[in-house]
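Let me begin by presenting the structure, written as structure tokens, before commenting on it.
For reference, positions follow the sequence shown, starting with 1. All of these numbers come straight from a predicted model, not from anything done at the bench.
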Amino acid sequence: MLDRLSVFQKLGDMGRRLKRTANKSASIDQSPTIADTHVSLSDFVVSCFNEDRYKAAEARAAVVERAYVNMRRPLRWKSIAFQLTFGVSLIALVAVWFMLSGHFERSPFLFGAGILMLIMPVVVQLAWHYWQHQDGYSGSPLPVAHETDPIAETLFVELQRMGGPRLFRRSWLTGRYRPTHRRLTSGKLRYLLFSDDEHHLSQVSAFPSFFPLIGPLYLSDEDAETLRQAIGPRRKGGPGRNPLYNYTRASLSVFREVENRVLPNDNDRALREIEDRLLTWFEAHVDASGDMPRRDQVKPYAIEVFQALTSST
């Protein structure tokens, strides 16, 4: 174990060291296991809507719910069509198997019909993909069937811009972040991308693939900062200014809390837990203004706490 005092001195220097500059990148690069840090799109959107994170979460949820409610009819018809064709394909699978095994007389017409019925769920998914991305193949965003939001539209414009920020998906096999196609953000269901509900996200086809999205979407820290600058400053303080929040005290407190605890083996989950604890600390020590930092603001300090914990073992 390293000297506890040296660890605390390291944490106490964070307020002076942590700025979104090359120095920050260099400090993160010292720990390759967590150098590839990303923030979920749903968390980032919450940080854009309002200074108060509770009001911001409600605003984000309202935007997603409005999009979902206005698209309820096509979503319902797609669900009914998929359920019916899936049931028919199961019956067709049994019939084709009996014909191939010789239990039924193999009729070319019936065999061909069985094969067609087998692929009907795929045809439904392809039709659903084409419906929500139609003109997206030409690169132009499709109109949505609900009221748009100026902040959301600004985000979409930046995400559709060549050379601009990219959305990422995390592979459940390797854990690596892979960029998505830019036209994912120009479809009719693009507002559902802001949701943290897997049911909402699974309604969106992962352009150019017709398979549904699985799991949340992410932004790199650099892209998140670029998007925030495109939207405009929404808070006092921040990178390059005097700290508005007592990050040093919060970091020391969280360090003491988790010092003797076993963190998750997955680095992203461990980092997320430390972020949650930092946000909980700020919530418990909020002043009369009710102002609290965003998740992306505490992330650099969570990384420093994580590095201090790993270096002390």
Side-chain angles (χ1 to χ4, degrees), residues 40-42 64-65 67-146 160 166-218 266:
S40 71
L41 178 63
S42 60
V64 174
E65 186 64 21
Y68 187 77
V69 168
N70 281 273
M71 302 304 295
R72 185 170 292 172
R73 178 173 295 180
L75 288 169
R76 183 171 64 248
W77 281 111
K78 175 254 185 180
S79 178
I80 292 173
F82 189 80
Q83 291 175 19
L84 288 176
T85 54
F86 186 76
V88 170
S89 68
L90 289 178
I91 297 173
L93 177 63
V94 174
V96 169
W97 183 83
F98 273 109
M99 282 189 283
L100 290 176
S101 61
H103 290 81
F104 289 164
E105 181 180 352
R106 186 183 301 180
S107 166
F109 174 78
L110 292 178
F111 186 80
I115 296 298
L116 287 175
M117 287 188 289
L118 273 175
I119 64 174
M120 283 179 65
V122 178
V123 173
V124 170
Q125 186 63 31
L126 281 170
W128 178 247
H129 169 79
Y130 178 75
W131 174 82
Q132 62 182 279
H133 289 297
Q134 296 174 19
D135 299 335
Y137 284 93
S138 64
S140 58
L142 294 172
V144 293
H146 53 84
Q160 292 159 12
R166 301 290 297 271
L167 289 178
F168 290 82
R169 298 168 65 188
R170 192 180 186 194
S171 170
W172 62 274
L173 285 174
T174 64
R176 294 182 177 274
Y177 295 94
R178 301 187 181 278
T180 63
H181 200 289
R182 294 191 183 280
R183 294 179 185 174
L184 177 68
T185 59
S186 63
K188 293 181 178 179
L189 301 179
R190 58 184 179 271
Y191 275 75
L192 296 185
L193 298 176
F194 292 158
S195 177
D196 55 4
D197 189 327
E198 292 185 1
H199 174 69
H200 291 161
L201 288 172
S202 66
Q203 304 297 333
V204 185
S205 295
F207 191 96
S209 165
F210 65 90
F211 295 106
L213 283 176
I214 299 176
L217 296 170
Y218 295 90
D266 182 80

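- Applying the side-chain contact (heavy atoms from CB on, under 4.5 Å) rule to T185 yields the partners F156, L159, Q160, L167, L193; only residues at least two apart in sequence or on another chain are considered.
- A distance of 6.5 Å separates CG of L184 from CG of L217, quoted to the nearest 0.5 Å.
- Although no hydrogens or angles enter the test, the distance criterion places no donor-acceptor pair under 3.5 Å between the side chain of R76 and the main chain of R73.
- Here the closest non-hydrogen pair linking S42 and D196 is OG-CB, 3.8 Å.
- Minimum interatomic distance between R169 and A206 (heavy atoms only, all atoms of both residues): NH1-CB, 3.3 Å.
- Rounding to the nearest 0.5 angstrom, the gap separating the CG atom in L75 from the CD atom in Q132 is 9.0 Å.
- M71 places none of its side-chain heavy atoms less than 4.5 Å from the side chain of Q203.
- In this structure, the separation between CD1 on I214 and CZ on R170 is 15.0 Å, given to the nearest 0.5 Å.
- Listed by chain and number, the residues in a side-chain contact (heavy atoms from CB on, under 4.5 Å) with R182 are M162, R166 (sequence neighbours excluded).
- The shortest distance between side-chain heavy atoms of H133 and F210 does not fall below 4.5 Å.
- Side-chain contact between Q125 and K78: present, with at least one pair of heavy atoms (C-beta onward) separated by less than 4.5 Å.
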For residues 87-94, tabulate all N or O donor-acceptor pairs below 3.5 Å that involve a side-chain atom, not counting sequence neighbours.
from: S89; atom 1: OG; to: T85; atom 2: O; distance (Å): 3.3
from: S89; atom 1: OG; to: F86; atom 2: O; distance (Å): 2.6

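- In this structure, OG on S40 lies 14.0 Å from CZ on F168, to the nearest 0.5 angstrom.
- Annotation: the span from H199 atom NE2 to L192 atom CG amounts to 9.0 Å, rounded to 0.5 Å.
- To the nearest 0.5 Å, the span separating CG on D197 from OG on S202 amounts to 8.0 Å.
- In this structure E65 satisfies the side-chain contact (heavy atoms from CB on, under 4.5 Å) test together with V69, R72, sequence neighbours excluded.
- A heavy-atom distance below 4.5 Å is not found between the side chains of S209 and H129.
- With sequence neighbours left out, the ring-ring contact (aromatic ring centres under 6.0 Å, His included) criterion links W131 to W128.
- In terms of the side chain to side chain donor-acceptor pair (under 3.5 Å) criterion, residue partners of Y191 (sequence neighbours excluded) are, by chain and number, E153.
- Ring planes of F207 and H181: perpendicular class, angle over 60° (limits at 30 and 60°).
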